[in-house]
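Worksheet for the structure shown next.
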2 protein chains.
Amino acid sequence: MGTLGYAILGLLYRRSMTGYELSKEFESGLFEVWSAKHSQIYPELKSLYEAGLIDYQVEISGTVLEKKVYTITSDGERMLQKWVQDSGAAPQAPKDEFRLRLFFSDCVSANSRRQQLESRLAQHQQRLERLQKDQNKFEELPPQDDQAFNDYLVLLGGIFREQAACQWLETCLELCRQRGE
Amino acid sequence: MGTLGYAILGLLYRRSMTGYELSKEFESGLFEVWSAKHSQIYPELKSLYEAGLIDYQVEISGTVLEKKVYTITSDGERMLQKWVQDSGAAPQAPKDEFRLRLFFSDCVSANSRRQQLESRLAQHQQRLERLQKDQNKFEELPPQDDQAFNDYLVLLGGIFREQAACQWLETCLELCRQRGE
DNA sequence: GAATTCATGTAATCAGTTACATGATTGA
DNA sequence: TCAATCATGTAACTGATTACATGAATTC
């Protein structure tokens with residue numbers, strides 16, 4: 001089973017949901033971490049159901065509109081736990097188009113490269129600010145067994161990542177200045 | 001055209017190569033930044049050739065073995081330059097299976113989560129050491145117009161990224177300890 | 001002579017995105 | 001009544017991996 005399946009199991013472990021609500025979760029709470037469109041979610045729900053890892057009940061919204069509210073089964077919970085505890089080797093570092101462009105930037109001027117670094121720095125600074133706003137919503141550190149504790153750790157991961165990106169780009173710009181004059 | 005095409009153009013801009021040599025470059029020099037298997041490279045070379053962005057000459061190794069040595073064309077160079085200078089919006093943060101597992105780790109014990117964090121920390125520390133060894137190969141900062149200067153900046157990106165990962169995981173472990181006792 | 005590396009391709013499959021397709025419900 | 005959102009699916013296509021397939025050259 002692929003990661004998407006486990007992501008769905010994890011969300012359904014937190015609470016029962018429809019496919020539509022799952023797709024909203026991928027756009028909001030999980031946005032920084034994983035994503036999936038509804039066109040991928042619905043087929044995946046079907047195969048999770050066929051594997052006995054989730055179940056569903058049909059509910060009626062209004063007078064006729066049917067929606068399927070999915071629930072994780074005990075088999076599903078076991079699968080999820082096994083996956084969460086599986087500490088395999090970290091995958092290869094993710095592909096990074098910006099660093100690839102930088103790698104090949106000796107085909108353009110040093111000035112053009114500097115502009116690239118600056119515009120990218122601005123983007124990461126903005127991201128960092130957004131994440132820090134999310135961090136401020138936590139008034140205090142949640143208790144260790146609260147799911148909010150995990151949310152907080154994951155959020156911290158994004159903050160550290162964006163801070164590192166900013167520091168790296170600032171260092172690059174500094175090195176360009178050093179060698180430029 | 002996709003990123004792989006530009007990666008190939010960039011490598012061929014540095015020097016002419018066979019498909020086989022390109023695949024070795026993706027395993028060595030570009031490993032941290034981009035990757036591709038030969039099964040993806042050969043078809044891509046074909047379409048780059050059909051688009052007039054690269055050219056090739058057949059050379060003979062030994063007595064019969066034919067190899068195609070690819071060269072970038074002037075059209076290819078222009079395409080490459082345009083791509084390197086294109087500062088579009090940074091893509092969505094890459095999917096991160098480890099952070100996803102952490103996000104759902106309230107389905108396992110706090111102890112199990114701590115083990116995950118520790119084992120992951122060890123992996124990133126190892127990666128960081130490897131990158132720092134590469135950094136030590138640079139005796140001094142290369143001149144700004146040298147391609148080695150870009151190599152150095154890209155390497156720094158990996159180092160900052162791994163450092164941030166280590167710091168994040170150490171912070172997580174520290175927070176677990178704080179809330180654990 | 002045997003193993004490793006050099007060298008080039010195709011086929012099947014998987015994960016993921018974009019586009020196609022439909023229709024009900026809710027709130028302005 | 002009109003727009004936004006809720007709700008569920010399928011189809012076509014792209015990017016990427018794994019497996020299939022072949023054979024020459026080099027090195028031990």
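Proteins come first, then strands; the chains are lettered A, B, ... in the order of their sequence lines, and each starts at number 1.
Side-chain contact of A/Ser105 with B/Asn150: a donor-acceptor pair under 3.5 Å is present, judged by distance alone.
Backbone-only contact: A/Lys95 has heavy atoms under 4.0 Å from sugar-phosphate atoms and none from a base. Contact annotation for B/Lys67: backbone-only contact, meaning every heavy-atom pair under 4.0 Å involves sugar-phosphate atoms and none involves a base. B/Thr3 comes within 4.0 angstrom of no nucleic acid atom, judged by non-hydrogen atoms across all strands.
Under the 4.5 Å side-chain heavy-atom criterion for ILVMFWY residues, no single connected hydrophobic cluster contains both A/Val154 and A/Phe31.
You'll find that the side chain of A/Leu4 is closest to C/dG16, out of D/dA25, C/dG16, D/dC6. In this structure, of D/dC6, D/dT10, C/dT25, it is D/dT10 that holds the atom nearest to the side chain of A/Pro43. Side chain of B/Trp34, nearest nucleotide from D/dA16, C/dG16, C/dA19: D/dA16. Of the candidate nucleotides C/dA19, C/dT8, D/dG23, C/dT8 has the atom lying nearest to any side-chain atom of B/Thr18.
D/dG9 atom P lies 15 Å from atom CD of A/Gln40, rounded to whole Å. Distance CD (B/Glu59) to P (D/dA25): 14 Å, rounded to an integer number of Å. The nearest whole Å value for the distance from the CD1 atom in B/Ile8 to the C1' atom in D/dA16 is 13 Å. When the P atom of C/dT8 is taken as reference, atom CD of B/Glu44 falls 16 Å away, rounded to whole Å. Look at CZ on A/Phe26: it is 17 Å from C1' on D/dA7, rounded to the nearest Å. Rounded to an integer number of Å, the gap from B/Leu45 CG to C/dT8 P is 9 Å. When the C1' atom of D/dA16 is taken as reference, atom CD of A/Gln92 falls 12 Å away, rounded to whole Å. Distance NZ (A/Lys68) to P (C/dG23): 17 Å, rounded to an integer number of Å.
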**OP:** Please lay out, stage by stage, how A/Leu53 and A/Ile72 fare under the test side chain to side chain contact (heavy atoms under 4.5 Å, CB included).
**Re:** CA-CA 6 Å; A/Leu53 304 174; A/Ile72 191 167; over 6 Å; no

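Between A/Glu32 and A/Arg130 there is a salt bridge, since at least one side-chain N of the basic residue sits less than 4.0 Å from a carboxylate O of the acidic one. Electrostatic pairing of B/Glu21 and B/Lys67 does not count as a salt bridge here, judged by no charged N lying under 4.0 Å from a carboxylate O.
Not a single donor-acceptor pair, N or O on each side, falls under 3.5 Å between the base of C/dT25 and the side chain of A/Thr63. Remark: the B/Ser39 side chain and the D/dT18 base include a donor-acceptor N/O pair separated by less than 3.5 Å.
The side chain of B/Lys37 places an N or O atom within less than 4.0 Å of a non-bridging phosphate oxygen (OP1 or OP2) of D/dT18. For A/Tyr42, a side-chain nitrogen or oxygen approaches OP1 or OP2 of D/dT8 to under 4.0 Å.
In the helix from C/dG1-D/dC28 to C/dA28-D/dT1, the terminal helix axes, each the rotation mapping four pairs' C1' atoms onto the next four within five end pairs, subtend 30°, rounded to 10°.
Ring centroids of A/Tyr56 and A/Tyr49 are separated by less than 6.0 Å, placing the two rings close together. Between B/Tyr13 and A/Phe104, the gap from one ring centroid to the other reaches at least 6.0 Å.
Each of A/Ser61 and A/Ser35 has a nearest nucleotide on DNA chain C; the 5'-most of these lies closest to A/Ser35.
For the pair A/Arg14 and B/Phe103, the cation sits on the ring face: its NZ or CZ lies under 6.0 Å from the ring centre, inside 45° of the axis.
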